[in-house]
Amino acid sequence: MSETKVNPYLILAIGVISVSTSAILVKVSSAPAGILAFYRLFFTVLLMSPVFFLKYVKELKLITRRDWMFSILAGVFLAFHFILWFESLQYTSVASSTVLVTLQPLFAFIGAYLFFQEKLTGKALLSAVLAVVGSFIISWGDFRISGSALWGDILALAACALVTGYLLFGQAIRKRLSLITYTYVVYAISTAVLFIYALMRSDSLGPYPKEDWIYFLLLAIIPTLLGHSLFNWSLRWLSTSTISMAILFEPIGASILAYWLLAEKVLMTQVIGGGVIIIGVTLFLLEERKLKKMVQPVSEVNTDVL
């Protein structure tokens with residue numbers, strides 16, 4: 001492997017900081033969750049369009065009827081993941097919401113076990129138990145604050161389950177398509193779903209304050225395109241498991257930004273529960289790496305949901 005003049009760990013750290021801004025930008029916007037999600041993906045699709053149509057549009061011929069069906073399902077799941085996650089941030093804190101969404105690898109493990117009969121190990125079960133315990137600790141602390149905070153936690157967990165469905169539906173398709181083609185197609189489908197959702201709810205597509213339009217664009221550029229691109233650039237120099245582990249720092253970065261920018265306090269239950277969840281997910285990722293080390297080659301990390 002050739003050398004790079006740029007430290008890949010520095011690039012990885014910038015990627016983590018980039019995705020950590022997502023929850024902050026949602027918090028400061030005055031737009032409804034569905035509108036935020038719509039414009040985040042709409043601007044992302046617009047920014048990706050020149051590259052897609054110049055270099056990747058021919059790959060559309062590789063998409064089968066079954067792939068289109070799975071892509072539509074993935075797009076629907078992704079759309080409602082964003083709606084529920086953004087909605088959760090209106091009720092609970094950045095720390096609680098982002099930590100609970102970090103449970104995605106374990107939700108994927110459960111889905112793979114149920115639908116694909118993947119191997120179940122003792123360490124994987126232990127990691128799942130730790131994650132559940134951490135979730136209860138966070139939820140108990142939030143419940144003591146208010147019922148609305150607990151409702152926000154429930155929405156975040158539901159959002160986590162939906163993004164897992166999105167990833168599971170996309171697994172087979174991404175084996176034949178490039179990252180750009182796959183994400184462009186699914187983002188476009190999600191954008192259409194979110195547009196229909198906004199119309200059904202009679203949510204206004206505008207006008208919004210100038211600041212909100214800036215937030216919409218920043219959501220597309222920083223956590224979606226920049227964070228996503230930096231993680232995938234890092235794959236040339238670092239392993240998939242290293243990048244997956246680094247993504248676990250996203251809730252920490254988001255919590256620090258929320259403390260500095262939004263004056264959000266971090267509760268001891270969030271620190272303890274979040275720590276337990278991160279330990280559980282870390283154990284799971286380490287076990288998964290051990291099982292797949294000799295089987296699965298390094299592939300692109302799907303960070304487009306952060």
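Side chains are part of it too, since the values below use all heavy atoms of this structure and drop only hydrogens, waters and symmetry mates.
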| Passes side-chain contact (heavy atoms from CB on, under 4.5 Å), L12 versus L230? Steps please. | CA-CA 7 Å; L12 189 58; L230 292 180; over 6 Å; no
| query | Counting distance only, does the side-chain N/O of S202 pair as donor-acceptor with the main-chain N or O of A198 below 3.5 Å? | reply | no
| N/O donor-acceptor pair under 3.5 Å between T224 side chain and I221 backbone | no
| message | Please determine whether residues L162 and I196 belong to a single hydrophobic cluster, defined as Ile, Leu, Val, Met, Phe, Trp and Tyr linked transitively by side-chain heavy-atom distances below 4.5 Å. | response | no
| Where do W85 and S22 land on the side-chain contact (heavy atoms from CB on, under 4.5 Å) test, with the steps shown first? | CA-CA 11 Å; W85 183 38; S22 182; 3.5 Å; yes
| field | Ring-face cation of R66 near F70 (centre distance under 6.0 Å, axis angle within 45°) | value | yes
| To the nearest 0.5 Å, how far apart are CG in D153 and OG in S88? | 8.0 Å
| remark: Hits for side chain to side chain donor-acceptor pair (under 3.5 Å) against Y184, two or more places apart or cross-chain, chain-then-number order -> S49
| How long is the gap from CG on L194 to CZ on R201, to the nearest 0.5 Å? | 11.5 Å
| Under 30°, 30 to 60°, or over 60°: which ring-plane class applies to F43 and W213, parallel, tilted or perpendicular? | perpendicular
| query | Angle class for the F42/Y39 ring planes (parallel below 30°, perpendicular above 60°, tilted otherwise)? | reply | perpendicular
| message | How close do V99 and G274 get, counting heavy atoms only, and between which atoms? | response | CG1-CA, 3.7 Å
| query | Does a donor on one side chain and an acceptor on the other come within less than 3.5 Å for E264 and S93? | reply | no
| query | What pairs with S29 under side chain to side chain donor-acceptor pair (under 3.5 Å), at least two apart in sequence or on another chain? | reply | D212
| Any chain of hydrophobic side-chain contacts (each under 4.5 Å) joining I83 to M200? | no
| query | Looking only at atom types and distance, does a side-chain atom of H81 sit under 3.5 Å from a main-chain N or O of A159, one as donor and one as acceptor? | reply | yes
| request: Taking all non-hydrogen atoms of both residues into account, name the closest pair between L226 and S18 and its distance. | output: CD2-OG, 3.5 Å
| field | L218 vs T21 side-chain heavy atoms within contact, under 4.5 Å | value | no
| What pair of heavy atoms forms the shortest contact from G34 to Y197, and how long is it? | CA-CE2, 4.1 Å
| Trace of the side-chain contact (heavy atoms from CB on, under 4.5 Å) decision for V185 with L60 | CA-CA 9 Å; V185 168; L60 291 177; 3.8 Å; yes
| query | Do I17 and L262 sit in the same hydrophobic cluster, where Ile, Leu, Val, Met, Phe, Trp and Tyr count as joined when their side-chain heavy atoms come under 4.5 Å apart? | reply | no
| Euclidean distance, L155 CG relative to Q90 CD, rounded to 0.5 Å | 10.5 Å
| said: Can you tell me how far apart CZ (F216) and CG (L25) are? Round to the nearest 0.5 Å. | reply: 11.0 Å
| query | Quick one: does T44's side chain get under 4.5 Å of L225's, heavy atoms only? | reply | yes
| Passes side-chain contact (heavy atoms from CB on, under 4.5 Å), I278 versus I252? Steps please. | CA-CA 10 Å; I278 290 174; I252 299 173; 4.2 Å; yes
| said: Show the nearest heavy-atom pair for residues L89 and K27, with the distance to one decimal. | reply: O-NZ, 2.7 Å
| request: Could you tell me whether the side chain of T98 and the main chain of V94 form a donor-acceptor pair under 3.5 Å? | output: yes
| request: Decide if the gap between the ring center of F82 and the ring center of F86 is smaller than 6.0 angstrom. | output: yes
| said: Which heavy atom of V186 sits nearest to which heavy atom of S71, and what is that distance? | reply: CG2-O, 4.4 Å
| query | Honestly curious: do L54 and V57 fall in one hydrophobic cluster under the side-chain, below-4.5 Å linking rule? | reply | no
| Considering residues, nucleotides and ligands other than Y208, do more than 12 of their heavy atoms fall under 6.0 Å from its OH? | yes
| task | Answer whether the closest heavy-atom distance between the side chains of I173 and I63 falls below 4.5 Å. | result | no
| field | Test item: S96 side-chain N/O and T92 main-chain N/O as donor-acceptor pair under 3.5 Å | value | no
| All pairs passing salt bridge (charged side-chain N to carboxylate O under 4.0 Å, His left out) where residues 129-141 contributes a residue, at least two apart | none
| note | Residues V19 and V16: closest non-hydrogen pair is CG2-O, 3.1 Å
| query | Just wondering, do L78 and Y187 contact through their side chains at under 4.5 Å, heavy atoms? | reply | yes
| How about K55 and I180: do any of their side-chain heavy atoms sit closer than 4.5 Å? | no
| said: Quick check for you: to the nearest 0.5 Å, what is the distance between L219 atom CG and R40 atom CZ? | reply: 5.5 Å
| field | Distance, nearest 0.5 Å, that separates NZ of K265 from OG of S255 | value | 15.5 Å
